[in-house]
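Proteins come first, then strands; the chains are lettered A, B, ... in the order of their sequence lines, and each starts at number 1.
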Number of protein chains: 2
Amino acid sequence: MTQGDGGTGGSGADGGADAPRTPLAHRVPDLGALELLLAVARLGSLGRAARETGISQPAASGRIRAMERQLGVTLVERSPRGSRLTDAGTLVTEWARRVVEAAEAFDAGAHALRDRRDSRLRVAASMTIAEYLLPGWLIALRASRPGTAVSLFAGNSAVVARRLQDGEADLGFVEGTGAPAGLDGAVIGRDRLVVVTAPAHPWARRRGPVPAAELAATPLILRERGSGTRQVLDAALRAHGGLADPLLELASTTAVKSAAVSGAGPAVLSELAVGDELSAHRLVEIPVDGAPLRRELRAVWPIGERPAGPARELLSLTRRGG
Amino acid sequence: MTQGDGGTGGSGADGGADAPRTPLAHRVPDLGALELLLAVARLGSLGRAARETGISQPAASGRIRAMERQLGVTLVERSPRGSRLTDAGTLVTEWARRVVEAAEAFDAGAHALRDRRDSRLRVAASMTIAEYLLPGWLIALRASRPGTAVSLFAGNSAVVARRLQDGEADLGFVEGTGAPAGLDGAVIGRDRLVVVTAPAHPWARRRGPVPAAELAATPLILRERGSGTRQVLDAALRAHGGLADPLLELASTTAVKSAAVSGAGPAVLSELAVGDELSAHRLVEIPVDGAPLRRELRAVWPIGERPAGPARELLSLTRRGG
DNA sequence: CCTGTGTCATAACTTCAGCTTATGCCCTCA
DNA sequence: TGAGGGCATAAGCTGAAGTTATGACACAGG
């Protein structure tokens, strides 16, 4: 499989097409290098990029060079008047941007997770929302109100409601079919549950949508009973004979996804959870006819305590278009 | 820079205090650590995760511990029978997964960029497709046909066509309104152009959609003349009085995006390019009435040379669901 | 009840990637 | 022609992350 690598001979010592066992981290430049590359792209000069990222010019120069060696591609065209990205560099920079953005989301989330006490804004959110939406909101909040300390607690709807009522959170986010009792709230968006299979599954080759009754009768890969996804699905299929016994019952969204990707059978998941898999065609969406697999995403707060200050600000960020 | 870690820390002011100037790379664990965390989540044991990622058990132990210290959160519950993620750990792991997936896409893309010569499959693609779709396809290809060496060339439609005709590429991908002359092809998906503004822009508060004629009459932030986006937009608005002089004319998708985010005005971009910005509400999509802002994504190849082998495999990966 | 096998943590030592400062060359512009 | 911005090279330092070796703890089985 791995023929000698195509490079112009020379010192390509580190082996050619070495996809298999080297860990990702050895094949991808580290976050600092990617950030530096973005800075070079933006500022048009290694030196300026170095200054912006707080390192010396030779360090930046060396780092970019090391990255070029690692990737085997020239990224930057250096001239005595500055540095411009090559075509390949432009492409690499865009890919790098995605990594850095994911890292920013990670950072925003992790930061909120740490702050716990004495924060100006204490948020409690369902797992799905905390996983997929909240980091983005926090980044937006950081942009519009820098320095707002946010703490995050994640749990199921009941626990979120509890924390709000106990005064341990200022604003909550839950998904589900109805508003929790004892709380005020507003719908901030909608989430669709989608039926997905591996591309090789027979359903992926059907012409028309799967009728709700057939979906109901088919054993599916599902989250455990009690999860939000499961409840919505149950309700939607009640009119069609009710949900069959599950094919697999797994404890996490991720486990469900992996099972589906590896071809175990059809799964039902939030569209938030499967975006990447769909666009990479690791999973295929199966249209369903006759069952409304939607649920509302709601912001919630204790009755009467309309959000103010930072809570109001965050709320307004979540509302448009969600 | 690193103040004593959170906790009881006195002066309430520490909230958000450290967000601003430390580079991202110092606040986010590196890719190796994130990968390790995913392995722990999957395997349920530090030792097994260590083995899988090719390091020693103490190294894994130390790394996870360092990550917990860095984030200020306990991620893993250790026991003499294995390790389980805490609730916070589950959340962090999901965020980490996004970073690692972006890194995998980066790696897949970069690898193809390097291989250049003597690859079994030589792909030429438009920038938009190479940026947003191809890495995912390459990952899928790697999964279904491990070890297929792919090389990637990115350029505009004309250059892609050229390379195919010169026999320097086996399969091409372009976006646009029609199929390029002299090539066979198949539509593999559709791309929608979307009008976006910063959330503060007046259009973001409108009730109804913007009529095509108004869009045509409004100065927009656009890519330079000749770009695929610009061509489609031109064609779609010809019937409505033609495109007004641009507000700004920029050389890269990213530049257009930044200008729009910072409120310079409405921009028109591929929906592929603005997914993140929309979900984070840095941009808002403005519905448009009366202009079909769609374009086809096509796979193309020299007339008569129907793709075979790896090209055929890649093609089939891209087709479902587009 | 002891022993084997898995788990994780600690300790001491080593290595290497990446940083810094100092310096030189190249180009452009006034 | 000299000043200034931009990049590269060289030499030396530092610390993060790795290794091996070992200990403590829990459970299962003879």
Query raised in the report: Where the side chain of B:S61 is concerned, which of D:dC7, C:dC8, D:dT20 is the nearest nucleotide?
Result: C:dC8

Report summary line: A:R65 CZ to D:dA10 P, in whole Å, measures 11 Å

Query raised in the report: In whole angstroms, how far is the C1' atom of C:dG18 from the CZ atom of A:R69?
Result: 12 Å

Query raised in the report: Is the shortest side-chain N/O distance from A:S79 to OP1 or OP2 of C:dC27 below 4.0 Å?
Result: no

Report summary line: Separation of D:dC7 atom P from A:I64 atom CD1, nearest Å, is 10 Å

Query raised in the report: For B:S56, which contact category applies under a 4.0 Å heavy-atom criterion: base, sugar-phosphate, or nothing?
Result: base

Query raised in the report: Of A:R81 and B:G82, whose nearest nucleotide on DNA chain C comes first from the 5' end?
Result: B:G82

Requested in this report: Please check the phosphate of D:dC7 (OP1 and OP2 only) for any side-chain N or O of A:S83 closer than 4.0 Å.
Outcome: yes

Query raised in the report: Given atom CZ of B:R63 and atom P of C:dA9, what is their separation to the nearest angstrom?
Result: 16 Å

Query raised in the report: Are any of the side-chain nitrogens in A:R78 or A:E68 under 4.0 Å away from the carboxylate oxygens of its partner?
Result: yes

Query raised in the report: Would you call B:E249 and B:R230 a salt bridge, using N to O less than 4.0 angstrom?
Result: yes

Query - A:R84/A:S79 under side chain to side chain donor-acceptor pair (under 3.5 Å): CA gap, chis, key distance, verdict - result: CA-CA 8 Å; A:R84 215 60 223 138; A:S79 89; over 6 Å; no

Report task. Whole angstrom is fine here: how far is it from CG in B:L43 over to C1' in C:dT7? Result -> 14 Å

Requested in this report: Respond yes when some side-chain nitrogen or oxygen of B:R78 is under 4.0 Å from OP1 or OP2 of C:dT7, and no when none is.
Outcome: no

**Report entry** Protein-nucleotide distance (B:I55, atom CD1; C:dC8, atom P), rounded to Å
**Finding:** 12 Å

Query raised in the report: If you look only at pairs with a residue in residues 86-95 of chain B, which of them pass as a salt bridge (Lys or Arg N to Asp or Glu O under 4.0 Å), with sequence neighbours excluded?
Result: B:E94-B:R97

Requested in this report: Choose from D:dG5, D:dA8, C:dA9 the nucleotide whose nearest atom is closest to any side-chain atom of B:L46.
Outcome: C:dA9

Query raised in the report: Does B:R163 make a cation-pi contact with B:F153 (under 6.0 Å, within 45 degrees of the axis)?
Result: yes

Report task. Please tell me which of A:D30 and B:G44 maps to the more 5' nucleotide of DNA chain C, matching each residue to the nucleotide holding its nearest heavy atom. Result -> B:G44

Report task. Measure the distance from NE2 on B:H26 to P on D:dG15 and round it to the nearest whole Å. Result -> 13 Å

Query - Given D:dT19, C:dC8, C:dG6, the nucleotide with the shortest approach to the side chain of B:A59 - result: D:dT19

Query raised in the report: Quick one: B:R84 CZ to D:dA26 C1', roughly how many Å, whole number?
Result: 18 Å

Query raised in the report: Checking all strands, does B:R51 fall into the base, sugar-phosphate, or nothing category for heavy-atom contacts under 4.0 angstrom?
Result: sugar-phosphate

Query - Out of C:dA22, C:dT7, D:dG18, whichever nucleotide has its closest atom nearest the side chain of B:R48 - result: C:dT7

